[in-house]
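Worksheet: one structure, shown below.
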Amino acid sequence: MTNDLSILIPDALVAETPLSDEEITLLKIKLWQLLGQRTERHTMSDSSSVPIETAEQLFNSICFTLQICLKAKICSLSELLSNDNLQQILRAGQAEIEKKIAYGKTLLLEVMHTAPAIKNISYVDTVKGITAFFKRYDHRYFAHEIPADIDYQLCHPVTDQLLGIEYINDYLQRLLVENRFIGCFDSKKVKLLLNCYCRDYRGLLINLYDPVATNAIGLALVGRDVFALDISADTRCVITEIFADLSKSDAINRLAAAAQEVCELTNTANVSAQNYLKQTAFDLYPRIMAALPTGIGGIFLTLPVEV
Amino acid sequence: MDDGFALAVVDMQKKQAMAELRECNELTVCYDLYLSEQQIYELTERRFSALKDTGRVEFGQGILKKLLTAFCSSPYITQQNYPDTILELQDSFYYFKNESMEMISDDELIGFMKNRFDGVCQGSLEYLSNTTLEELCRNTRYGYDVDEIDRYGRPF
């Protein structure tokens, strides 16, 4: 088991309410008792002992659920210490997780409805994997686990610190942002662009959003039609000239303004979706600067001429 | 959990286990079986080393009381071999608990052990561990039925 309680109590909360050694010991005793009760329930009183790995998983699940309570302000750290019945708080945490599961299911449905008409294998498999997650997820005993195969690479990945349903919901929210953005563009052009980005865009583990967003931002930078998704050699020259003369802060501001313009043109009112695109724009800066001496043809792509 | 806390918990569990074993003496004394304080201490220490060796964590009462209660009526256990037999049985229990991949409950495993120990094994701990328990766990893992009769068609 872990050497401290960081798995249960987030660092920020510890800084807010520092615990004395006695309080930490008290909390550990309560957690140990709770772990015993949960283990007994898990084995349905069939077994007085469990493998260490199972005990660890049950302990991590308890900590995850109690952390959900702390985050949702269902109880405070002092209540956790003073309450003799942690089972009650655990049940409240499980109810909160059930709400998150219900929210996650609605997110999954939205993701399915807004999925781009591009058959990328990892995308399809991931959506199937997340669908299976809602069948396999055991929020009572293994709430921190993510029983799903998630292969599809997001443009901005979910932090590793999120676990269980929190990870899945964050992943789905990001995927939904990407879906809605791609949905604003002509799917034929998106496919042509992806084909330029990666010949085997259906089979390889690539992100579908990144090349579309990059070209849209590039076009917004030079005031051209973002929906064309086509950045010609001339346009690339203009972008190169722009970045050659700008300081870092000015370049970042320019990219942020371009991202904002794309958001307005695509009617993206959602703040998290706007921030997602802005983050994509900021991530372009080091790539552009690194590519400036040799050319930015690998970042801003040209669509093939249709026959 | 940190080592200091874990040791405190283990210490608490040991004291509880020793108290339970003292209570068991009241039950086993009618079979002329009795554990001295030293033997109770050894059994308890062995319980925790067996748990450590098999990578298991135990909560609550533990298994010793159940083992003593089940085996005290065995015709193959006398005061002379009583502590050593229980020590061996305890080790076997945790080992085969792992081997069965948690698919056999404590009571089922103890029941099976007692049945075979008094039956086909005729009090041989070696026979119990190396043949019948191995077979039970193998059959459990593969989902086969466990034979309740020997090769001559007689129940164990």
Side-chain angles (χ1 to χ4, degrees), chain A residues 1-9 14 18-64 66-67 80-81 86-87 90 138 140-142 144-145, chain B residues 1-14 16-17 20 44 46-70 89-113 137 140:
Chain A
M1 295 190 199
T2 50
N3 289 325
D4 54 37
L5 288 176
S6 60
I7 189 171
L8 167 65
I9 308 161
V14 173
L19 295 176
S20 66
D21 288 348
E22 289 79 23
E23 285 173 325
I24 289 173
T25 308
L26 179 68
L27 196 54
K28 282 178 178 175
I29 290 170
K30 284 184 178 187
L31 284 173
W32 178 259
Q33 287 168 344
L34 186 60
L35 179 60
Q37 290 163 359
R38 297 304 296 163
T39 307
E40 192 183 352
R41 183 71 72 87
H42 177 63
T43 62
M44 294 194 283
S45 301
D46 265 357
S47 183
S48 65
S49 62
V50 287
I52 284 177
E53 295 80 13
T54 308
E56 263 180 346
Q57 295 303 312
L58 290 168
F59 180 75
N60 289 343
S61 177
I62 289 170
C63 290
F64 174 78
L66 292 178
Q67 202 181 70
L80 206 64
L81 287 164
L86 281 190
Q87 283 269 25
L90 195 76
D138 183 356
R140 288 188 180 85
Y141 296 106
F142 304 104
H144 64 294
E145 287 191 348
Chain B
M1 306 252 175
D2 61 63
D3 289 347
F5 176 71
L7 286 173
V9 169
V10 167
D11 197 42
M12 211 161 60
Q13 280 188 313
K14 278 182 185 172
Q16 202 183 346
E20 280 166 9
T44 313
R46 185 79 165 259
R47 170 189 163 191
F48 286 91
S49 66
L51 281 168
K52 198 177 172 186
D53 292 346
T54 51
R56 297 182 72 82
V57 182
E58 195 160 55
F59 299 91
Q61 279 197 332
I63 207 63
L64 267 175
K65 193 176 175 182
K66 282 184 179 179
L67 273 178
L68 292 179
T69 315
L89 286 171
Q90 180 178 238
D91 286 351
S92 296
F93 175 85
Y94 289 121
Y95 178 76
F96 286 103
K97 191 77 186 162
N98 266 1
E99 289 295 297
S100 67
M101 299 173 81
E102 310 300 307
M103 286 191 271
I104 304 176
S105 73
D106 288 356
D107 292 343
E108 278 173 329
L109 185 55
I110 291 173
F112 183 89
M113 285 167 79
C137 293
T140 308

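Numbers restart at 1 for each chain; the letters A, B, ... are given by sequence-line order, proteins then strands.
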More than 12 heavy atoms of other groups within 6.0 Å of B/Met103 CE: yes
Set of side-chain contact (heavy atoms from CB on, under 4.5 Å) partners for A/Ser48, sequence neighbours left out: B/Glu58, B/Ile63, B/Asp106
Pairwise distance CG(B/Leu109) to CG(A/Asp46) - rounded to 0.5 angstrom: 11.5 Å
Closest heavy-atom pair and its distance - A/Ser49, B/Tyr94: OG-CE2, 4.0 Å
B/Phe59 side, atom CZ; A/Gln37 side, atom CD - distance, nearest 0.5 Å: 10.5 Å
For the student: nearest non-hydrogen atoms of B/Glu102 and A/Val50, plus distance: OE1-CA, 4.4 Å
Segment of A/Ser47 engaging chain B (4.5 angstrom heavy-atom cut-off): both
